[in-house]
Every structure is written in structure tokens, then in C-alpha cells.
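Encoded as C-alpha cells, the structure appears first; notes follow it.
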2 protein chains.
Amino acid sequence: MSTIRGARERARTEITAAIKDEARAQLAAEGAAKLSLRAVARELGMASSALYRYFPSRDDLLTALIVDAYDAVGAAAEAALAAAPPAADHCARWTAACSAVRAWALDHPHQYALIYGSPVPGYTAPKDTVAPASRVALALVSVIRDAHRTNGLALPPLSLGVRPEADRMAADIAPDLPPAVVTAMVAAWSQLFGTISFELFGHFNNVVADRDAFFEHTATRLAHEVGLRPQAAGASAGSSAGS
Amino acid sequence: MSTIRGARERARTEITAAIKDEARAQLAAEGAAKLSLRAVARELGMASSALYRYFPSRDDLLTALIVDAYDAVGAAAEAALAAAPPAADHCARWTAACSAVRAWALDHPHQYALIYGSPVPGYTAPKDTVAPASRVALALVSVIRDAHRTNGLALPPLSLGVRPEADRMAADIAPDLPPAVVTAMVAAWSQLFGTISFELFGHFNNVVADRDAFFEHTATRLAHEVGLRPQAAGASAGSSAGS
DNA sequence: ACAATAACGAGAGCATTGCTCTTGCTTGGA
DNA sequence: TCCAAGCAAGAGCAATGCTCTCGTTATTGT
């Protein structure tokens, strides 16, 4: 409200950012388990107790990093979609978003583990996390919505058992999409991260060698599962999109 | 190999088991991050230093728990398959194995997080873990192999990009199965755990309400993905298998 | 302009942790 | 019987998260 906003306030945001940066560096270097408030303070040249003016506890620092990480993956997915216009091949847009998420995960494995691995601390997800956490899912939904608007998506009917839950999810998430599509999309969403997590957490060691090819294939199959078909006809007739 | 093998040796295995039990209890109560050697020793009425005679470090204790957890999920999956003979509906056997894994995960969330969440400590997976870690995957392979032997599994041809990797995986994992099936099976394997992890780690909060129905549906679709089709004909004509 | 208030940084301190080292005791085999 | 190996306990070290207190500094209200 005041004019200059005070040197103090600016210093606060700067120091807060510096703390988070240093914490991220330690996270990337050693993992979440080894992230130490004292080491962060030491590296920043301040007393460890001073840090508590900015983050009331270690878990709060972690939570801040979690929110930032969710935002970063979400932004990566959205950027991939922004690079391919909604008019383009919907199947390719889907796989592009998936690949963007995977690329971010490979670039920031510890941040990825922070948000998609085991809940770290006493783990209570505060309200601040739910909005950033939804960004990837919303990006995927937007691809499907575009595809549904232009082509219309048709999926085989759901079995009786899921139908009530499918209707509920559709009404809750995307009332403009068929329940079968929404259900398939939620499944594909979780399965996408299952594949990325397995690769990142080492479960593919001695199993999958060419991870790029395998992921490309998996993402494409997930696209099929949600009703997206490659625009086979049209201009470019190249069989496989990538490399 | 000798006769009595000494009371000492027996005491050692007993104490080792007691330590692991207490550690498991703490794991279930507080999570892997809070598992403390000193607390385990305290609870067992022994000095903390005495614990190091049995496990050279905290990470070694964790590793022992990891091995046990892998064995437990693997055993759960195998038991589910043993309950349904190989002659039965292959699709139902697949979903039964999947559901068994999920049930174990819901019953032992922290042990599940230990093995399928973020790698916890300095995380180096020793050789001892790889065999137990494969049990679930091998159980799933056995279902597919049985199905392939009796019915033969046919899947649409793979795109050019994955074909080399698919051949490599098939030769490495199950040379008697078509590469397309093996590839789909690896994907389904990781996706299964993606769905379970999302449910367990809270990513389905405010998204999926009827988790049982959703999982049943997802597992069935995964079965279709690997080429398993429900034995629709025969006796019972009910549309959906489960209740 | 001045004083009250709030934010701030630093240091000391507490409880706890993983781990090591040394010191005795107990057991198993010669 | 006696010795070596296994064992348990205690003290101790470095490090952690967190709290409290005490001066200092900036902001704000009058």
C-alpha cells in the first residue's frame, strides 16, 4: 500500500528466494532426506535461527519447494502445448505434453521425487499445493477437450461397475466430456506418472534399455486409450513423429 | 548345516527378527523418515550401540526392510494366482494379481512407499533386492505366459520406433512371448504401480471417490492392453465379472 | 521529529539422531 | 581348562531441528 514498499519487504522476498534457491541446490545435490536447514543457513552466511523467520519449520520449506516443483512441471507441460497449436495433431500434442513432463522429471529428479514419490515429512498437503498440483492434469484435459471439440471422441462403453464413478468424475472434472473419456484420462494420467516414476526410481534398470523409444511408445498408447488417434492422413506422411 | 548350531546363532536370528519387527512397527507408525535406530533399541530394551552388531548402519536396516517388503508383495501376488488355477479365466487371474498387490499396498502403505516411492537414503539398491523385486513382475508374466500357451495372444504390430527395444526386451525377459506382448506387459506393469501409487500418495484425493471400482476397471483395461480378453462365453453370462 | 512497535539477526541451549570406540562379560570350541 | 570370538553397554562426537533470549534496525503512528 505504501509508496516504496520498504527496503525491508523487498529484502524479505529476496532472502526467501535465496533460501529456496539454496535449498533446491541441496535438494538436487543430496536429496530431500539430507536437506538441512543449518546447512542452508551456513551456505547463506546466516545463523540457523534466523532462517526460522522465513520458514517456521523444515517441513514448511519442503512444502514451498513442493509448490514450486508442481508449478515447474505444470509450466513445462503447458509450454509444450503452447508450442503446438490446438489445431495440430491432437495425438502428437498429447505425447508432446507427456514427453515434456518426462523431460522435466529427468532434469529435476529430486524435485520430481519430492512431489511424485513418497510423501516426505509428516506429509499434510496444504491447500496451497492443490492448485499447482493440478496443472499437468489440466493441461492433459485441455488436449482432450480440444480433440473432442474438433473430432469428437468415441470410446467403447464402460462396464457396469465403474459407470457411477465415471459419471461422478465427469461431472466433477469435465462435464463437457463423455464419462468414458474422463475415466480413461484419469487412468492415463496416473499411468503416465507410473512409467516416469519407474524409470526415475530405477525399476527399469536391467529391464528397459532404450527409455526414449519405450516412453514414446507408451505415451502414444496412452493417447489411444483416451481416444486420441493419430491424424494419419493430411500433409506429412512420416510414420513415426519423433527423431 | 551342523546339528544344533548353537544357542548363540539362534539368539542372533531371533534378535535380528525382533529388530526388524520393531523397525517395521515404527515404519508403519511414523514413516521411513522417522525411523530411528535409537528408538528401536530403546523399545527393545537394549543399548543403541548394540544394534550395530546386527545392522551396520541405518540404511542396512532399511535395506533389509525393503527386501522383506518386496518379498511380501511378491508373495501376495503369487498367492492370488495360486488361488486361481492356470486353467481359469486369464483375464480374471490378471486382475486378481493386480488387486492383491493393491490390497497389500493399502494394508502396508509405508512399506509400499519404501519400495515404490522415492528411493529413501543414499539409495543404492544392493544385489539382494533385485530378485525379490522381480517377484510381482514374474507373477504377471506367468499369467500372460499361461494365457499365451492356451489361447495365443495377438496384439497389433508395434510401430517402427520401439521394435528394436521390444525385441531386446522380449529376448531378455520372455523369449517365448511375442515382443509386442512383452512390451505391453512392461508398460502395464509400471502403469499398475502408477495407479496404486497415485491412490496411496494422495493424488486421487478429490479426483477419484470409488477407488475400488476405478481400480477394478483400470486393472481390466491393463489386461486388455497386454492382450488378455475376458472369457466371455462359457458358463456365466453376467456382463461384468466382479460384483 | 520522535517514540512505540514490530521485524530481524545472532548466539546459546536443549533434545535427539547416527555412528564410533573402549571396556568388560559370556559363550563356543580347543 | 583356557583362549578367542561374539556380544552388550556406556561414553562420546558431530550434526540436526527447534526454542528462547537479547540487542539492533526499520516501519509506523502521532
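Because only heavy atoms are used, hydrogens play no part in the values below, and waters and symmetry mates are left out as well, while side chains stay in.
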Atom-pair distance (CD on A:Gln26; C1' on D:dA15), nearest Å: 13 Å
Picking from B:Thr195, B:Thr218, B:Asp212, what satisfies side chain to side chain donor-acceptor pair (under 3.5 Å) with B:Arg102? B:Asp212
Whole angstroms only, please: what is the CD-P distance between A:Glu14 and C:dC8? 13 Å
Looking only at side-chain N and O atoms, does A:Arg38 come under 4.0 Å of OP1 or OP2 in D:dG17? no
Side-chain donor or acceptor of B:Arg53 under 3.5 Å from a matching atom on the base of D:dG6? no
Hey, does the side chain of B:Arg12 come within less than 4.0 Å of D:dC7's phosphate (OP1/OP2), counting only N and O? yes
Out of D:dC7, C:dC8, D:dT16, which has the shortest distance to the side chain of A:Ser36? D:dT16
What is the distance, to the nearest angstrom, from the CD1 atom on A:Ile19 to the C1' atom on C:dG9? 12 Å
So, for A:Phe204 and A:Phe214, is the gap between ring centers shorter than 6.0 Å? yes
Report yes if a side-chain nitrogen or oxygen of B:Arg42 is closer than 4.0 Å to either non-bridging phosphate oxygen (OP1 or OP2) of C:dT17; otherwise report no. yes
Does A:Leu61 reach a base, just sugar-phosphate, or nothing at all? Heavy atoms under 4.0 Å. nothing
Take atom CG of A:Leu62 and atom P of D:dC18, then tell me their distance rounded to the nearest Å. 10 Å
May I have the distance from A:Tyr52 (atom OH) to C:dA7 (atom P), rounded to whole angstrom? 20 Å
Expressed in angstrom and rounded to an integer, what is the separation of B:Leu37 atom CG from C:dT20 atom C1'? 14 Å
By the 4.0 Å heavy-atom rule, please label B:Ile15 as base, sugar-phosphate, or nothing. sugar-phosphate
Given C:dA7, D:dC18, D:dA8, which nucleotide is nearest the side-chain atoms of B:Tyr54? D:dA8
Quick one: are the ring centres of A:His203 and B:Phe193 less than 6.0 Å apart? no
C:dG18 phosphate, OP1 or OP2: any side-chain N/O from B:Arg58 under 4.0 angstrom? yes
Nearest non-hydrogen partners of B:Cys98 and B:Phe215, listed with the distance: O-CZ, 3.5 Å
Walking DNA chain D from its 5' end, the first of B:Ser49 and A:Ser57 to be reached, judged by nearest nucleotide, is B:Ser49
Could you state the atom-to-atom distance from CZ of A:Arg8 to C1' of C:dA6 in whole Å? 7 Å
Spacing of A:Leu51 atom CG relative to C:dA7 atom P, expressed in whole Å: 18 Å
Residue among A:Thr16, A:Leu61, A:Asp60, A:Thr13 satisfying side-chain contact (heavy atoms from CB on, under 4.5 Å) with A:Tyr54: A:Thr16
